[in-house]
Amino acid sequence: MLTLQFEDGTVRLDGLSESGLSAADLPGVEADERSLVARAPAHRYAALRDALDERGVEYEDRVLPAERLDLTHSYDLRDYQREALDAWRANGDRGVLELPTGSGKTVIAVAAIAALGVPTLVVVPTVDLLEQWRRELETEFEVPVGQFGGGEQTREAITVSTYDSAYLRAEDVGGDFGFVVFDEVHHLGGEGYRDVGRLLAAPARLGLTATFERPDGAHEVVAELVGPKVHELSVDELAGDHLADYEVRRVEVELTPEEREAYEDAQGTFVEYLKRSNLSLNSGSDYRKLVMRSGSDPRAREALLAKQRARRIMMNSDAKVAKLASILDRHRGDRVIVFTAHTDLVYRLSERFLLPAVTSETGAAERREILDRFRDGTYSRVVTANVLDEGVDVPDANVAVLLSGSGSEREFTQRLGRILRPKRDGGSATLYELVSVETAEERVADRRR
DNA sequence: TTGACTCAACATCCTTTGCTACAA
DNA sequence: TTGTAGGTTTCCATGTTGAGTCA
């Protein structure tokens with residue numbers, strides 16, 4: 001009889017010819033001439049089973065453990081969480097939920113894990129999230145929870161892993177879990193990380209994110225591996241009820257005459273090169289082309305370096321620092337997070353306004369201390385580059401100041417999410433976006449919205 | 001166990017005007 | 001005539017992370 005089993009990130013089919021089928025009849029299956037076995041990538045397991053069932057073929061399925069888990073949880077799902085869960089279940093326990101930061105995505109995942117009651121792997125991007133999920137799952141289900149990553153490699157029926165560790169372990173453990181939850185699932189589109197999705201056999205798959213679409217189009221890969229987006233809710237749909245009301249204020253500032261001169265000079269060098277070399281920039285891939293050219297063409301390299309200088313000038317202008325002073329003054333009693341695009345500006349602001357600073361250079365212990373003090377109210381302000389965008393448990397604030405940032409919609413959404421947790425006094429949140437007028441930053445700011 | 005270090009991976013990095021070939 | 005898509009495979013810089021190694 002035909003048997004299916006997990007082997008090194010694939011589903012191995014033995015006895016295929018005896019069952020009267022050929023590899024071409026089944027999704028993703030290829031016959032290995034030398035070893036006389038047929039295999040499919042592990043992620044095709046669910047489709048493979050469906051195809052066999054449809055044809056009425058008998059087979060012995062040894063891919064996943066038969067283990068069932070009896071799990072209960074204490075959550076009472078909100079209406080929108082219930083709707084999201086139902087939409088995912090209706091799609092055959094596959095798909096992505098796009099929900100804003102702070103809307104309780106973990107709660108939905110916990111409910112899904114309890115509902116399915118099969119061994120589950122939760123994949124997350126950072127060690128910080130790894131620890132949060134592990135605590136959450138241990139408290140909720142009162143079972144031991146395994147961990148891949150952060151210096152630990154323990155496997156349990158419910159296990160939490162970083163994407164990096166999952167990438168390293170997937171070939172071994174890909175047949176151990178019937179359900180996989182990808183937190184911040186947009187990461188799965190990364191060139192290497194997508195293999196995690198391919199090497200796991202889990203038929204049930206849930207992706208969670210606040211921003212599904214990727215500028216490079218790789219969300220289509222994610223949809224292929226996890227399932228399509230089955231439910232989405234915008235910040236605006238939850239603002240006022242389950243999230244704080246908010247306001248985005250764009251503040252335009254002028255460059256100083258010296259900055260203007262330096263900016264025009266640098267930007268001019270860049271634009272001039274584009275004209276001379278007959279290059280048009282219509283998309284990110286055109287830009288990559290330019291980057292490639294800069295590897296061999298010194299003038300292209302100089303043009304890119306000039307572009308860097310122009311960016312620094314418009315993003316870190318004196319007027320922005322002055323404006324920040326007045327914003328901080330206006331929000332004396334508030335909890336403020338200041339975001340920049342460059343670490344050296346973080347340290348400059350930290351020194352000038354006596355703000356605690358968090359960057360990638362801040363050690364784990366110091367970072368924890370700063371965030372703890374921000375949480376208990378000892379600090380009411382903090383300045384950071386990109387560290388606190390995602391994957392870190394950041395205490396809530398009610399004012400965010402975007403001194404500078406990229407054109408990424410994801411980055412903007414994540415930063416906005418930092419001030420959206422409902423306020424105890426029912427108050428609303430404010431996001432200031434500082435933009436240098438008559439610079440490329442106006443376009444950058446438009447792009448992210 | 002910790003801290004300092006290296007390494008690899010990931011993400012963003014984008015002008016403002018109009019050329020050319022091809023399909024509807 | 002009008003509207004629209006058009007070829008690409010390594011990598012200028014900066015910021016951030018996780019894993020691994022070693023003392």
Side-chain angles (χ1 to χ4, degrees), chain A residues 123-131 147-153 161-169 184 186-196 211 214-216 218 267-312 314-316 339-347 358-367 384-392 404-412 414 438-448:
Chain A
V123 188
V124 303
T126 64
V127 172
D128 230 74
L129 281 170
L130 187 82
E131 284 160 5
Q147 178 173 324
F148 298 151
E152 204 182 310
Q153 297 290 327
S161 172
T162 60
Y163 278 88
D164 281 273
S165 283
Y167 177 78
L168 298 172
R169 301 287 316 264
E184 309 289 359
H186 47 271
H187 287 282
L188 195 65
E191 210 64 57
Y193 289 163
R194 56 183 71 170
D195 282 345
V196 177
T211 47
R214 292 171 49 112
D216 61 2
Q267 182 76 2
T269 305
F270 179 67
V271 175
E272 189 56 35
Y273 174 79
L274 291 181
K275 263 194 210 139
R276 250 199 338 240
S277 55
N278 222 3
L279 272 174
S280 65
L281 291 181
N282 295 312
S283 66
S285 62
D286 289 335
Y287 188 80
R288 268 203 300 281
K289 221 178 303 171
L290 175 59
V291 171
M292 261 158 53
R293 197 182 281 199
S294 72
S296 54
D297 178 356
R299 286 183 313 151
R301 187 178 134 79
E302 174 47 37
L304 275 174
L305 291 175
K307 181 68 196 163
Q308 293 282 346
R309 284 200 298 280
R311 273 168 51 79
R312 276 202 115 82
M314 73 185 188
M315 288 183 157
N316 305 341
F339 294 97
T340 77
H342 298 281
T343 46
D344 48 357
L345 182 62
V346 170
Y347 294 123
V358 183
T359 71
S360 63
E361 293 160 17
T362 315
E366 191 186 349
R367 185 184 302 185
T384 180
N386 304 319
V387 186
L388 304 185
D389 286 358
E390 182 198 90
V392 185
S404 51
S406 72
S408 155
E409 193 188 333
R410 168 161 306 124
E411 179 191 279
F412 183 82
Q414 284 164 342
E438 287 175 58
T439 67
E441 195 170 37
E442 292 180 320
R443 275 194 300 278
V444 171
D446 286 340
R447 210 165 54 225
R448 64 184 167 223

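To find a chain, count down the sequence lines: A is the first, B the second, and so on, and within it residues start at 1.
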Rounded interatomic separation in angstrom, taking [atom1] from [X] and [atom2] from [N]:
X         : N       : atom1 : atom2 : value
Leu305(A) : dC13(B) : CG    : C1'   : 13 Å
Lys289(A) : dT15(B) : NZ    : P     : 15 Å
Arg293(A) : dC13(B) : CZ    : C1'   : 17 Å
Arg311(A) : dA11(B) : CZ    : C1'   : 12 Å
Arg443(A) : dT12(B) : CZ    : P     : 19 Å
Arg288(A) : dA11(B) : CZ    : C1'   : 11 Å
Glu438(A) : dT15(B) : CD    : P     : 15 Å

Checklist entry - Taking atom OG of Ser294(A) and atom CG of Leu305(A), what is their separation to the nearest 0.5 Å? => result 8.0 Å
Item to check | Rounded distance (nearest 0.5 Å) linking atom CD of Glu441(A) with atom OG1 of Thr439(A) | outcome: 5.0 Å
Checklist entry - What pair of heavy atoms forms the shortest contact from Met314(A) to Ala440(A), and how long is it? => result SD-N, 3.9 Å
Checklist entry - Looking only at heavy atoms, what is the nearest atom pair of Ser404(A) and Asn316(A), with distance? => result OG-OD1, 4.1 Å
Can you tell me how far [atom1] in [N] sits from the matching atom in [M], rounded to whole Å?
N       : M       : atom1 : result
dG15(C) : dC13(B) : C1'   : 12 Å
dT14(C) : dC14(B) : P     : 14 Å
dT4(C)  : dT16(B) : P     : 23 Å
dT21(C) : dT1(B)  : C1'   : 15 Å
dT15(B) : dC11(C) : P     : 22 Å
dT8(C)  : dT12(B) : P     : 24 Å
dC12(C) : dT17(B) : C1'   : 26 Å

Can you name the side-chain contact (heavy atoms from CB on, under 4.5 Å) partners of [X], sequence neighbours left out?
X         : answer
Ala218(A) : Arg194(A), Arg214(A), Asp216(A)
Thr162(A) : Val127(A), Leu130(A), Asp164(A), Ser165(A)
Ser406(A) : Ser408(A), Glu411(A)

Salt bridge (charged side-chain N to carboxylate O under 4.0 Å, His left out) against [X], all qualifying residues, sequence neighbours excluded:
X         : answer
Glu152(A) : Arg134(A)
Arg448(A) : Glu433(A)
Arg169(A) : none
Arg367(A) : none

Next on the checklist: Using a 4.0 Å cut-off on heavy atoms, which residues in residues 267-277 of chain A reach DNA chain C? List them by number, or say none.
Outcome noted: none
Item to check | Residues forming a ring pair (Phe, Tyr, Trp, His ring centres under 6.0 Å) with Tyr193(A), sequence neighbours excluded | outcome: Tyr163(A)
Next on the checklist: Between Ala341(A) and Leu168(A), which residue's closest nucleotide on DNA chain C lies nearer the 5′ terminus?
Outcome noted: Ala341(A)
Item to check | Toward the 5' end of DNA chain C, by each residue's nearest nucleotide, Ser165(A) or Gln308(A) | outcome: Gln308(A)
Give me, pair by pair, the N or O atoms of the protein and of nucleotides 5-10 of chain B that are less than 3.5 Å apart, along with how far apart they are.
{"from": "dC10(B)", "atom 1": "OP1", "to": "Gly192(A)", "atom 2": "N", "distance (Å)": "2.4"}
{"from": "dC10(B)", "atom 1": "OP1", "to": "Tyr193(A)", "atom 2": "N", "distance (Å)": "3.2"}

Checklist entry - Is Val291(A) touching bases, backbone alone, or none of the nucleic acid, heavy atoms closer than 4.0 Å? => result base
Checklist entry - Using a cut-off of 4.0 Å on non-hydrogen atoms, how would the nucleic acid contact of Gly363(A) be classed: base, sugar-phosphate, or nothing? => result nothing
Item to check | Arg447(A) vs dC13(B): side-chain N/O to OP1/OP2 distance below 4.0 Å | outcome: yes
Checklist entry - For dT16(C), which nucleotide is its Watson-Crick or G-U wobble mate, given both distances must be under 3.5 Å? => result dA9(B)
Checklist entry - Contact boundaries of DNA chain C with chain A (under 4.0 Å, heavy atoms), 5' to 3'? => result dG7(C) to dG20(C)
Checklist entry - Under the salt bridge (Lys or Arg N to Asp or Glu O under 4.0 Å) rule, what pairs show up with a residue in residues 270-282 of chain A, not counting sequence neighbours? => result none
